[in-house]
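To start, the structure under review is shown below, and the notes come after it.
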Amino acid sequence: MKSFLIALGVFALVLVGGISWGIGVNNQLVGLDEGVSQSWSQVENVYQRRLDLIPNLVATVKGYAKHEAETLEKVVAERAKVGRVEINNPEALKQFQAKQGELSSALSRLMVVSEQYPDLKANQNFRDLQAQLEGTENRITVERMRFTEAVKAYNTTIRKFPASLIASFRNMKEKPYFDAKEGADVAPKVEF
Amino acid sequence: MIWDLIHFFGGSRRIAIAVPAVLSALCSLGIAPMSGHAAKVVPEYPPSTLVYEEKPTLNPENFKRIENYLLRHERATGDQIVIALFQGLEGETPSGYANRVYASWGLGEKGKDNGLLVAFFLIDKQVAIEVGYGLEHVVTDAFSKRVIDTAIVPQMKKGDLNAAILSAIEMIFVEIESPVIDPTKSKAARDELQQLTEFGNKVPSLVVLFFALIPLLSIFLIIYRLRYAYELDYQSKGWRPNRKGRLGFDLLDIFLILGALSGRRGRSHHGGFGGGGFGGGSGGGFGGFGGGRSGGGGASGGW
């Protein structure tokens, strides 16, 4: 009888220990998940910031290079229809990245073309906008880097054993990264 | 380059995760480069000054003058503005490297993120301004570019580094508009104030003792009163307790009890030292970075 009670006690201890470990891991994963969401919203913020600069840019450029301004406007109109991106969905992330990439291309084309309009280049407003675009591209790079780090932390923790048990129990899946093949995503180089 | 390796291994996601992870781990040991090309090492920061020189460039009096301007601003507003003079870029972009340096040094107070880094790259003739989150709304990207174009580049073209730094700092200060030296703004100043008031705490210990005595006295009084709660009344049969009498304590006693229970002992006492005595810049130097963050704002340019 006594040995049975002892065995029961040990079993209960192990069970309690296991449960509290499980809770700990779960909370850690939740924390990492939140970290990913947070850094993603920062990424969206800076992309939105870039989008917000465009109307001003279009207005400034229109006075000098009407055709280019209108082209940019058309590109933006299509790309701006980016809804909320569900970051657990790799397809959605790819689409988001593609759209932003097209916008980047349009912007860099505009910058290249503007080289041919010395009046436009001399316009202080345009120069300010160029600085702001450059700054925003920097910010995009930084926030994407932080997002990638957050996703990496989350993914490696989920995949490691024994945390992977809790993760699959809670149905937590790996999150997608940004595609590194970034041909279209080059920041518009602004050089005088 | 890394991604070519990954595709060589068949594009497996395991590798896609493992390779950057391993490289980052090695990077933190300073062994492997982060990207395809060589990375410039971010130096450990000497915490006692707001001017960093990879190689001694400025002459001592210029160095001191710049440092004093930056220190004074830091004490007034808490903004940690740093001038860093690097030599070569070693293949990095100015804003990329400046961002890494900023992140590593942690300029600005944590939470407030009021830091700003002006990084010169003397061999490559580039300069980058990196602005913390907290100062971004004041020192905008466009303004940073203007500082570079109007204050830094013309002077650097003339070869006058000192003038470039001074005019850049002035332009930035004017934009931030630091008026009065407010001792509570800067962390170093607040620490000093804290130390002074702690000293002030030790002096009025008499007052504290007095406050401690009141509860003790009250307790004694209560005990004394309770002992004589039952008034002895001379009756024909001798002294006997007067039950119909007083309760044993009255209003005065209640106040004393309340005084004992209110825990006035716990209140800290600010001495009469206030903020005087450290308005001058001589009291202590720079206290260290607060661990603020930057989002990549700012601008860069070259001469």
Side-chain angles (χ1 to χ4, degrees), chain A residues 38-39 41-43 45-46 49-50 53 56-57 60 90 121-149 151-160 173-183 186-187 189-192, chain B residues 1-7 11 13-25 27-28 34-36 92-100 102-103 126 128-133 136-137 139-150 153 293-303:
Chain A
Q38 205 179 35
S39 48
S41 65
Q42 275 293 87
V43 170
N45 266 353
V46 290
R49 186 196 184 109
R50 182 170 74 168
L53 286 173
N56 202 352
L57 184 63
T60 309
K121 272 174 64 174
N123 182 324
Q124 184 59 41
N125 204 21
F126 184 71
R127 289 162 78 110
D128 284 350
L129 282 164
Q130 270 185 321
Q132 283 178 318
L133 275 169
E134 208 182 284
T136 308
E137 291 293 340
N138 271 348
R139 288 196 175 87
I140 290 175
T141 309
V142 168
E143 296 302 340
R144 277 175 57 147
M145 183 188 74
R146 291 195 181 143
F147 172 73
T148 305
E149 283 170 5
V151 170
K152 186 176 76 185
Y154 178 79
N155 282 354
T156 44
T157 311
I158 287 195
R159 293 184 64 223
K160 281 190 182 158
K173 298 218 173 49
E174 283 181 48
K175 293 193 192 291
Y177 289 97
F178 272 109
D179 186 8
K181 269 276 197 264
E182 295 182 17
V186 175
K189 227 22 188 117
V190 176
E191 266 152 343
F192 288 107
Chain B
M1 188 197 98
I2 301 169
W3 298 100
D4 296 334
L5 262 174
I6 292 168
H7 283 111
R13 285 184 86 204
R14 221 156 248 135
I15 308 282
I17 291 165
V19 172
V22 169
L23 282 179
S24 313
C27 276
S28 58
M34 274 291 249
S35 46
E92 296 221 33
T93 59
S95 42
Y97 184 68
N99 183 257
R100 278 179 43 217
Y102 189 110
Q126 300 276 326
I129 295 183
E130 185 82 8
V131 186
Y133 283 123
E136 266 179 7
H137 59 286
V139 184
T140 61
D141 297 346
F143 178 73
S144 305
K145 188 71 177 170
R146 240 178 288 150
V147 170
I148 292 178
D149 287 342
T150 57
V153 168
R293 309 207 309 151
S294 151
S300 60
W303 64 89

(message) With a 3.5 Å distance limit and no angle check, can you tell me whether Thr156(A) reaches the backbone of Ala153(A) through a side-chain donor-acceptor pair?
(response) yes

(request) State which residues pass side chain to side chain donor-acceptor pair (under 3.5 Å) with Asn125(A); sequence neighbours excluded, sorted by chain then number. (result) Thr60(A)

(request) Please state whether the side chain, the backbone, both or neither of Glu130(B) comes within less than 4.5 Å of a heavy atom of chain A. (result) neither

(request) Check each atom of Ser294(B) against the heavy atoms of chain A and say whether the ones under 4.5 Å are side chain, backbone, both or neither. (result) backbone

(message) Counting only non-hydrogen atoms closer than 4.5 Å, does Gln132(A) touch chain B with its backbone (N, CA, C, O), its side chain (CB onward), both, or neither?
(response) both

(request) Applying side chain to side chain donor-acceptor pair (under 3.5 Å), name anything that partners Arg146(A), two or more places apart in sequence or on another chain. (result) Tyr133(B)

(message) I'd like to know if the side chain of Glu134(A) pairs up with that of Asn138(A) as donor and acceptor (distance under 3.5 Å, no hydrogens or angles considered).
(response) no

